[in-house]
Amino acid sequence: MKNVKNYLSENKDRFLNEIIELLKIPSVSADPAFSQDVLDAAEMVKSRLEDAGCDVVEIHETAGYPIVYGEKIINPDLPTVLVYGHYDVQPAEPLELWTSPPYEPVIKKTDKHPEGAIFARGACDDKGQMYMHVKALELMVKTDQLPCNVKFMIEGEEEVGSNNLSIYVAENKEKLVNDVILISDTGMIANDVPSITTGLRGLSYVEVEVTGPNRDLHSGLYGGAVANPINILTKMIASLHDENNHITIPGFYDKVEELSADERAEMAKAPFSIEKYQEALDIESVYGEKGYSTNERNSIRPTLDVNGIWGGYIGEGAKTVIASKAYAKISMRLVPNQDWREITELFKTHFEAIAPKGVKVVVKPHHGGQGYVTPIDTTAYQAASKAYETTFGKKPIPQRSGGSIPIVSLFEKELKSKTILMGFGLDSDAIHSPNEHFGVWNYFKGIETIPYFYEYFTEMTKK
């Protein structure tokens, strides 16, 4: 790869302006109020793929939001890389916690990003990282250095479960045929400690509803005489963990993969400061399952967390009421071998069983996905490792992530392809949270590194 840094330097301002324009679109797939914005984002991605050099770019309609497909086929006999990403984003609420409006991107310096970071919803997850691949293609095409074929599949429903993507993939296997799938929707340990994600947790996401009396009641006249759904719900949720923070759902751990002592020792070699971790989160102590380190708890162990809980009166002032209903949204991060549908059913059976008389419980499954582990002895992993080593000056550390990308296991099942996860974000980039951001340095480092993956993967595949 020649002139990579020169091309980046010459086009730096344009590359920044383009991602900022994409980040201005509030493409929130979870909220119908933003449906036109999601469609607008798809159109912009289509236009940018055309500008970058794709010979074919198509918008494929689905029952939900469209999938943007693009391709640059230079020789059918050469390897083909399929790039996956998503243009939809998480809701920005609570808006009052943002230091700048979530859809008015600004570049601000931080301790982790002294050269500046782009603050906006979707900056890191996943518009900024997805767009690195668009610009990497442009770089390779404009400098006449694209060594293989490339296809893009950019969807608009990742943040709501990718339900229609599975249908699209199943119906377009021939169009999507590839030698490896490349995704940047993960992170790395630090800017001076590159890493490649080799494992993802699965996900089961449910909503629960607890109903007591047929209407809201006066807490003086009825308090103590009928079941309060909010009180009941909080007790039920509290019972889902024991004193060791072990999940109490029967059968939950039956298929959990237990890593060997050697594997856990390898994981422990990754640089980590518990003091800095606590300081960054402004907490006095970490918390989690007994017998596991912090990095193990958030990567190789399953979890159960309440993501939202509500019911009753939450307005200004007081209203002495026993609510008729109480609700909670609960997510379970799963490890390889745990089937998300099976875990969802186990949760439903258990949660309904522990409900006391006097209330009715409804468990509504939302979405989920399987966990994934990619081996580090594949050609694709070795090519990615060499690409990082070329641009970072050191070999990346293989690392399992606590996050979930449910469609990765789907890709392997339907397309028979392995996935390489080349993430360039940091844990501190506040994805899914107020003040999400993505380092300017990281953005350009990704654009610089990705072309080397293409080069090395093509060379190694030919051998």
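What you are looking at is a predicted structure, and each value in this text was computed from that prediction instead of being measured.
- Put simply, the side chain of Asp126 gets close to the backbone of His86: a donor and an acceptor are under 3.5 Å apart.
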request  = List the steps, then state whether side-chain hydrogen bond (donor to acceptor under 3.5 Å, both in side chains) holds for Ser417 with Asn178.
outcome  = CA-CA 7 Å; Ser417 302; Asn178 65 83; 2.8 Å; yes
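- Between the Asn172 side chain and the Tyr168 main chain, a donor and an acceptor come within less than 3.5 Å of each other.
- Side chains of Glu436 and Val89 form no contact here, defined as non-hydrogen atoms less than 4.5 Å apart.
- Looking at Ser184, its side chain does come within 3.5 Å of a backbone N or O of Met422 through a donor-acceptor pair.
- Asn17 and Glu21 form no side-chain donor-acceptor contact under 3.5 Å, judged by distance and modelled atom types alone.
- The heavy-atom pair separating Pro79 from Asp179 by the smallest distance is CA-OD2, 3.2 Å.
- Looking at heavy atoms from C-beta onward, His241 lies in side-chain contact with Ile247 at the 4.5 angstrom threshold.
- Between Phe438 and Tyr443, the ring planes are perpendicular. Angles over 60° get that label, and only those under 30° would be called parallel.
- Nearest heavy-atom pair, Glu159 versus Asp88, reported as atom, atom and distance to 0.1 Å: N-OD2, 2.9 Å.
- The side chain to side chain contact (heavy atoms under 4.5 Å, CB included) test with Arg297 is passed by exactly one of Asn245, Thr303, Val286: Val286.
- A salt bridge links Lys135 with Glu138: at least one charged nitrogen is closer than 4.0 Å to a carboxylate oxygen.
- With hydrogens and angles disregarded, a donor-acceptor distance shorter than 3.5 Å links the side chain of Asn435 to the backbone of Thr99.
- Side-chain contact between Ile330 and Phe347 is present, with heavy atoms from C-beta onward closer than 4.5 Å.
- Closest of all the heavy-atom pairs between Val335 and Ile300 is CG1-O, 3.1 Å.
- Residue pairs satisfying the ring pair (Phe, Tyr, Trp, His ring centres under 6.0 Å) criterion with at least one member in residues 391-413, sequence neighbours excluded, are listed as follows: Tyr84-Phe411, Tyr388-Phe392, Phe392-Trp441.
- Proximity of Pro194 to Thr391: side-chain heavy atoms (C-beta onward) are nowhere separated by under 4.5 Å.
- Side chains of His350 and Phe252 form no contact here, defined as non-hydrogen atoms less than 4.5 Å apart.
- Relative orientation of the Tyr69 and His60 rings is perpendicular, given thresholds of 30° and 60° on the angle between their planes.
- For the salt bridge (charged side-chain N to carboxylate O under 4.0 Å, His left out) test, residues two or more places apart in sequence or in another chain that qualify with Lys329 are Glu207.
- Enclosure of atom NZ in Lys12 is not indicated, since only 12 or fewer non-hydrogen atoms of other residues, nucleotides or ligands lie within 6.0 angstrom.
- In this structure, Asp111 places its CG atom where only 12 or fewer heavy-atom neighbours from other residues, nucleotides or ligands lie under 6.0 Å away.
- In this structure, Glu345 has no salt bridge (charged side-chain N to carboxylate O under 4.0 Å, His left out) partners at least two apart in sequence or on a different chain.
- In this structure the side chain of Tyr103 never reaches within 4.5 angstrom of the side chain of Trp98, judged on heavy atoms.
- Lys151 contributes a side-chain N or O that, together with a main-chain N or O of Lys175, makes up a donor-acceptor pair within less than 3.5 Å.
- We find that Lys364 and Glu209 are not joined by a salt bridge, their nearest charged nitrogen and carboxylate oxygen being 4.0 Å or further apart.
- Electrostatic pairing of Glu258 and Arg301 counts as a salt bridge here, judged by a charged N lying under 4.0 Å from a carboxylate O.
- With respect to Lys276 and Glu279, no salt bridge is recorded, no charged nitrogen being found less than 4.0 Å from a carboxylate O.
- The CD atom of Glu389 sits 5.5 Å away from atom NZ of Lys395, with the distance rounded to the nearest 0.5 Å.
- No more than 12 heavy-atom neighbours from other residues, nucleotides or ligands sit within 6.0 angstrom of CG on Asp144.
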task = Would you sort out whether Ser27 and Asp40 count as a side-chain contact (heavy atoms from CB on, under 4.5 Å), showing the intermediate values?
result = CA-CA 8 Å; Ser27 49; Asp40 291 345; over 6 Å; no
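- No side-chain heavy atom of Met332 sits less than 4.5 Å from a side-chain heavy atom of Pro302.
- Taken from OH in Tyr381 to CD1 in Ile196, the straight-line distance is 4.5 Å, to the nearest 0.5 Å.
- Across all non-hydrogen atoms, the minimal contact from Ile405 to Thr186 is CD1-CG2, 4.0 Å.
- For Gln129 (side chain) and Phe424 (main-chain N/O), a donor-acceptor pair under 3.5 Å exists by modelled atom type.
- Taking every heavy atom of both residues into account, Asp429 and Cys124 meet most closely at OD2-SG, 3.9 Å.
- Nearest heavy-atom pair across Asn191 and Asn442 is OD1-ND2, 2.7 Å.
- The aromatic rings of His437 and His113 sit perpendicular, their planes meeting at an angle over 60°, well past the 30° parallel limit.
- The neighbour count for Asp427 CG, taken as heavy atoms of other residues, nucleotides or ligands under 6.0 Å away, does not exceed 12.
- At least one donor-acceptor pair closer than 3.5 Å links the side chain of Ser404 to the backbone N or O of Arg201.
- His432 and Asp125 share a side-chain donor-acceptor pair at under 3.5 Å.
- For Arg48 (side chain) and Glu18 (main-chain N/O), a donor-acceptor pair under 3.5 Å exists by modelled atom type.
- Under a 3.5 Å cut-off, the side chain of Asp55 and the backbone N or O of Glu71 do not form any donor-acceptor pair.
- Around atom CD of Glu174, no more than 12 heavy atoms belonging to other residues, nucleotides or ligands sit under 6.0 Å away.
- Here the side chains of Leu415 and Leu82 are in contact, with some heavy-atom distance below 4.5 Å.
- Counting only distance, with no hydrogens or angles, the side chain of Thr458 and the backbone of Tyr454 share a donor-acceptor pair below 3.5 Å.
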